[in-house]
Amino acid sequence: MLGPVILAASRSDQMRRIVSAAPVTKPVVNRFIAGESVQETVPVVQETAARGLEVTLDVLGEDITDPAEALRARDAYLELIEALKPLALGVRAEMSVKLSSFGQALSGGHELALKNVTPVVEAAAEIGTTVTLDMEDHTTVDSTLAIHAELRQRFPQTGAVVQSYLFRTEDDCRALAEAGSRVRLVKGAYKEPATVAYQDKAEVDKAYIRCLKILMEGEGYPMIGSHDPRIISISQELARRAGRKLDDYEFQMLYGIREAEQFRLAAEGHRVRTYIAYGTDWYGYFMRRLAERPANLAFFLRSLVSRG
């Protein structure tokens with residue numbers, strides 16, 4: 001299985017240097033990354049919104065090593081919010097944040113991440129939009145959900161992400177599926193041990209459906225983070241059974257992946273949100289995209305061969 005190998009490579013400084021130096025890398029990365037700056041990314045947001053899709057924006061950066069980097073992550077999101085303000089898109093353009101970027105893994109990281117992310121959530125609310133807390137590896141789940149609960153006391157629209165490959169996620173979904181909640185369900189893209197996560201793809205998929213059923217039958221707002229045609233079809237059936245209207249849930253997919261499907265679903269009246277990542281620290285994000293889907297890896301390898 002190549003997925004775990006690629007995920008391990010995403011943490012390797014040597015592989016980072018090799019991949020970054022390959023002449024073909026940047027053209028391929030551009031398929032998944034909207035740009036390196038806010039200025040490059042705003043036109044992508046405008047075009048995406050004009051074509052009927054909503055967006056969530058991720059300023060790339062994680063594995064920070066000191067509090068100053070956490071402040072820079074905070075400031076990068078505040079800059080993004082200022083750029084979004086004149087677009088007046090409201091919740092059609094929200095943000096996704098990784099709390100590791102805000103200092104979660106540093107000494108005193110829980111408090112530091114909460115302190116740094118709060119101004120971002122406040123600024124987002126001021127322009128009529130919101131923030132979703134991305135989920136990272138299993139060691140961060142308790143802290144992330146605790147910060148999510150704290151933020152929701154003032155900003156109830158703050159979203160959370162859960163990952164179906166973790167054994168605990170069904171219970172987390174039950175706790176989160178309350179009125180006013182926004183929960184993005186994904187399969188998971190980190191290398192996790194067998195003690196905490198399903199290792200077999202079929203088991204991950206089954207867990208995804210069980211979790212989605214909980215969310216659809218709950219009182220919150222499910223956000224279906226998947227490109228899998230079978231998952232998308234089952235999601236629509238579960239929504240129908242739960243009596244949900246088309247605007248009572250949404251599909252979320254990554255920028256550059258299955259774009260035709262995104263527009264097809266939007267044309268049918270579904271809410272579809274594109275996850276747009278940008279920034280210079282693209283390596284870890286890019287490698288996880290390769291690990292998630294064999295088609296992504298095949299695309300990259302074909303490019304290497306054709307340009308080699």
Side-chain angles (χ1 to χ4, degrees), residues 34-50 52-62 64 67-104 109-135 143-161 176 178-184 220-223 247-250 252 255 271-279:
E36 293 191 347
S37 68
V38 171
Q39 292 73 27
E40 291 177 346
T41 305
V42 164
V44 176
V45 173
Q46 291 175 300
E47 179 184 2
T48 303
L53 302 182
E54 303 181 25
V55 302
T56 186
L57 290 147
D58 175 11
V59 183
L60 295 173
E62 49 193 290
I64 67 169
E69 291 178 305
L71 290 177
R72 285 195 288 272
R74 178 202 67 187
D75 292 345
Y77 273 98
L78 293 176
E79 179 189 19
L80 169 60
I81 291 167
E82 280 300 307
L84 291 175
K85 186 175 181 179
L87 304 184
L89 291 172
V91 293
R92 295 189 64 207
E94 63 142 45
M95 278 145 283
S96 291
V97 304
K98 290 180 174 59
L99 292 177
S100 61
S101 297
F102 291 82
Q104 189 181 44
H110 179 87
E111 293 76 16
L112 182 63
L114 176 59
K115 178 182 177 181
N116 286 331
V117 77
T118 298
V120 174
V121 178
E122 290 173 339
E126 288 174 3
I127 68 165
T129 190
T130 188
V131 171
T132 294
L133 306 184
D134 279 342
M135 195 61 74
S143 172
T144 299
L145 291 180
I147 290 174
H148 172 254
E150 179 78 14
L151 290 169
R152 286 200 72 217
Q153 292 182 27
R154 291 179 56 200
F155 306 99
Q157 69 274 33
T158 305
V161 178
L176 290 167
E178 59 184 10
S181 70
R182 298 170 59 255
V183 183
R184 180 196 304 151
Y221 180 78
M223 301 181 287
D247 59 355
D248 286 340
Y249 62 98
E250 68 182 47
Q252 296 192 357
Y255 174 73
R271 293 187 69 182
V272 182
R273 193 176 301 272
T274 302
Y275 189 107
I276 297 178
Y278 74 94

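Both backbone and side-chain heavy atoms feed into the values below; hydrogens, waters and symmetry mates do not. Here the structure is a predicted model, which means the values were calculated and not measured.
By the 4.0 Å N-to-carboxylate-O rule, Lys85 lies too far from Glu126 to be salt-bridged with it.
Nearest approach of Ile147 to His110, heavy atoms of both residues: CG1-CE1, 3.4 Å. A pairwise comparison of heavy atoms in Gly220 and Ser181 identifies CA-OG, 3.4 Å as the closest pair. Residues Thr56 and Ser96 come closest through the heavy atom pair OG1-OG, 2.7 Å. Among all heavy-atom pairs drawn from Glu54 and Thr48, the shortest one is O-CG2, 4.4 Å. The shortest non-hydrogen separation linking Gly103 to Ala113 is C-CB, 4.5 Å. Shown here for Leu78 and Pro119, the closest heavy-atom pair between the two residues is CD2-O, 3.8 Å.
Checking side-chain atoms of Asn116 against main-chain N and O of Phe102 turns up a donor-acceptor pair under 3.5 Å. At distances below 3.5 Å, at least one donor-acceptor pair connects side-chain atoms of Arg92 with backbone N or O atoms of Ala49. Under the 3.5 Å distance criterion, the side-chain polar atoms of Tyr275 are left unmatched by any main-chain donor or acceptor of Gln252. Side chain of Arg152 to backbone of Gly180: a donor-acceptor contact under 3.5 angstrom is found. The main-chain N or O of Tyr278 is never found under 3.5 Å from a side-chain atom of Thr41 such that the two would form a donor-acceptor pair.
Between atom CD of residue Glu122 and atom CD1 of residue Ile127 there is a gap of 13.5 Å, rounded to the nearest 0.5 Å. Between the CE atom in Met223 and the OG1 atom in Thr132 there is a gap of 4.0 Å [rounded to 0.5 Å]. Atom-to-atom distance recorded for Asp248:CG and Arg271:CZ is 9.5 Å, nearest 0.5 angstrom. Interatomic distance, Thr118 OG1 to Arg74 CZ, rounded to the nearest 0.5 Å: 11.0 Å. Of the inter-residue distances, the one linking Leu80 atom CG with Met95 atom CE reads 5.5 Å to the nearest 0.5 angstrom. Rounding to the nearest 0.5 angstrom, the gap separating the OH atom in Tyr255 from the CD1 atom in Ile276 is 7.0 Å.
Side-chain contact between Leu133 and Leu145 is absent, with no heavy-atom pair separated by less than 4.5 Å. Considering only heavy atoms from C-beta on, Val161 stays 4.5 Å or farther from Thr144 through its side chain. Val38 has its side chain out of reach of Glu82: every pair of non-hydrogen atoms, C-beta onward, lies at least 4.5 Å apart. Under the 4.5 Å side-chain criterion, counting only non-hydrogen atoms from C-beta, Arg184 is in contact with Asp134. Contact of the Glu79 side chain with the Val59 side chain is not registered, since no non-hydrogen atoms from C-beta on lie closer than 4.5 Å. A heavy-atom distance below 4.5 Å is found between the side chains of Leu89 and Val45. The closest side-chain heavy-atom distance from Leu176 to His148 is below 4.5 Å.
Paired with Tyr77 under the rule side-chain contact (heavy atoms from CB on, under 4.5 Å), one option of Asp58, Leu57, Val131 passes, and it is Asp58. A side-chain contact (heavy atoms from CB on, under 4.5 Å) with Gln104 is found for exactly one of Leu99, Ile64, Val117, namely Leu99.
In the model, Glu94 has no side-chain atom that pairs as donor or acceptor with a side-chain atom of Thr129 under 3.5 Å.
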